[in-house]
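So the structure is just underneath, and the comments pick up after that.
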Amino acid sequence: MTPYSKDFPVSWEELHRNARALSWRLLEQGPWKGIIAITRGGLVPAAILCREMDIRLIDTICIVSYGEDEKGNGAMKQGELNVLKGVEGDGEGFILIDDLVDTGRTAAKVREMLPKAHFATIYAKPAGKPLVDTFITEVSQDTWIRFPWDMEYTFSTPLADRQGK
Ligand SMILES: O=P(O)(O)OC[C@H]1O[C@H](OP(=O)(O)OP(=O)(O)O)[C@H](O)[C@@H]1O
Ligand SMILES: Nc1nc2[nH]cnc2c(=O)[nH]1
Ligand SMILES: [Mg+2]
């Protein structure tokens with residue numbers, strides 16, 4: 001059974017605004033040597049941060065954890081963490097960026113790999129929040145965040161029709 005009962009769709013505009021807010025917060029805490037994006041979710045936030053903060057050194061940690069749940073409705077279920085690519089060093093002076101922290105399992109893994117990096121996310125849920133150094137928006141643990149790259153414009157059924165009126 002999925003632990004997610006709420007849906008939180010995020011538009012490109014909202015994502016961009018939040019990523020810029022995160023850039024402001026991180027700029028105050030610099031200087032930074034570079035940025036490490038946790039793929040794939042960290043890639044778009046990383047692109048926005050790099051542009052705003054004038055960072056040119058960009059690397060990736062490639063890690064896979066969630067797969068489609070059995071209902072096939074776009075909500076996901078976490079499996080084994082699989083690190084496809086790491087980075088050298090302990091992360092000192094680098095920002096580690098991901099789109100969100102949920103259970104904190106991905107965060108715990110990357111923190112173990114790069115203990116001195118500054119871990120930043122746009123969104124944080126309560127279980128993962130203690131593992132993040134800087135984040136912008138908190139959402140409840142039972143919320144599934146839908147990023148703009150996972151959505152498309154489609155017809156929306158009027159609320160009255162949804163209630164069967
Ligand atoms: O805190 P956790 O419970 O570990 O979940 C957070 C991770 O889950 C998502 O990535 P996912 O593994 O789905 O892959 P993706 O970034 O390639 O979409 C998200 O981008 C985070 O990296
Ligand atoms: N898109 C998305 N991926 C996740 N991975 C873990 N939690 C979430 C979430 O709420 N939304
Ligand atoms: Mg991810």
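Ligands are counted one by one from 1 in listed order, and the atoms in each one are counted from 1 as well. Residue numbers start at 1 and run along the sequence shown.
Residue contacts with ligand 1 include G104, since one or more of its heavy atoms lies under 4.0 Å from the ligand. The shell of residues lying under 4.0 angstrom from ligand 1, judged by heavy atoms, includes L100.
With sequence neighbours excluded, no residue satisfies side chain to side chain donor-acceptor pair (under 3.5 Å) with T157.
Looking only at distances, no side-chain donor or acceptor of R146 sits under 3.5 Å from a matching main-chain atom of M151. Side chain of W32 to backbone of H118: no donor-acceptor contact under 3.5 angstrom is found. No side-chain donor-acceptor contact under 3.5 Å links D133 to the backbone of A120.
For L100, no nitrogen or oxygen atom sits less than 3.5 Å from a nitrogen or oxygen atom of ligand 2, counting backbone and side chain alike. The N/O atoms of V101, backbone and side chain alike, include none that comes under 3.5 Å of an N/O atom in ligand 1. Geometrically, ligand 2 and K125 share a nitrogen or oxygen pair separated by less than 3.5 Å.
Ring planes of W149 and W12: tilted class, angle from 30 to 60°.
Which parts of ligand 2 touch F147 is read off a 4.0 Å heavy-atom cut-off, strictly below it: atoms 1 (N). Listed by number with element, the atoms of ligand 1 under 4.0 angstrom from any heavy atom of T39 are 16 (O), 17 (O). Near D99, meaning under 4.0 Å from any of its heavy atoms, are these atoms of ligand 1: 19 (C), 20 (O), 21 (C). When each atom of ligand 2 is checked for a heavy atom of D102 under 4.0 Å away, the hits are 6 (C), 7 (N), 8 (C). Using a 4.0 Å cut-off to heavy atoms of R105, the atoms of ligand 1 that qualify are 1 (O), 4 (O).
Taken from CD1 in I136 to CG in L100, the straight-line distance is 14.0 Å, to the nearest 0.5 Å.
Using modelled atom types and a 3.5 Å distance limit, the side chains of S11 and R17 yield no donor-acceptor pair.
Using a 4.0 Å cut-off between a side-chain N of Lys or Arg and a carboxylate O of Asp or Glu, E112 and K109 qualify as a salt bridge.
Across the listed options D150, V132, D98, T106, D98 owns the non-hydrogen atom lying nearest to atom 21 (C) of ligand 1.
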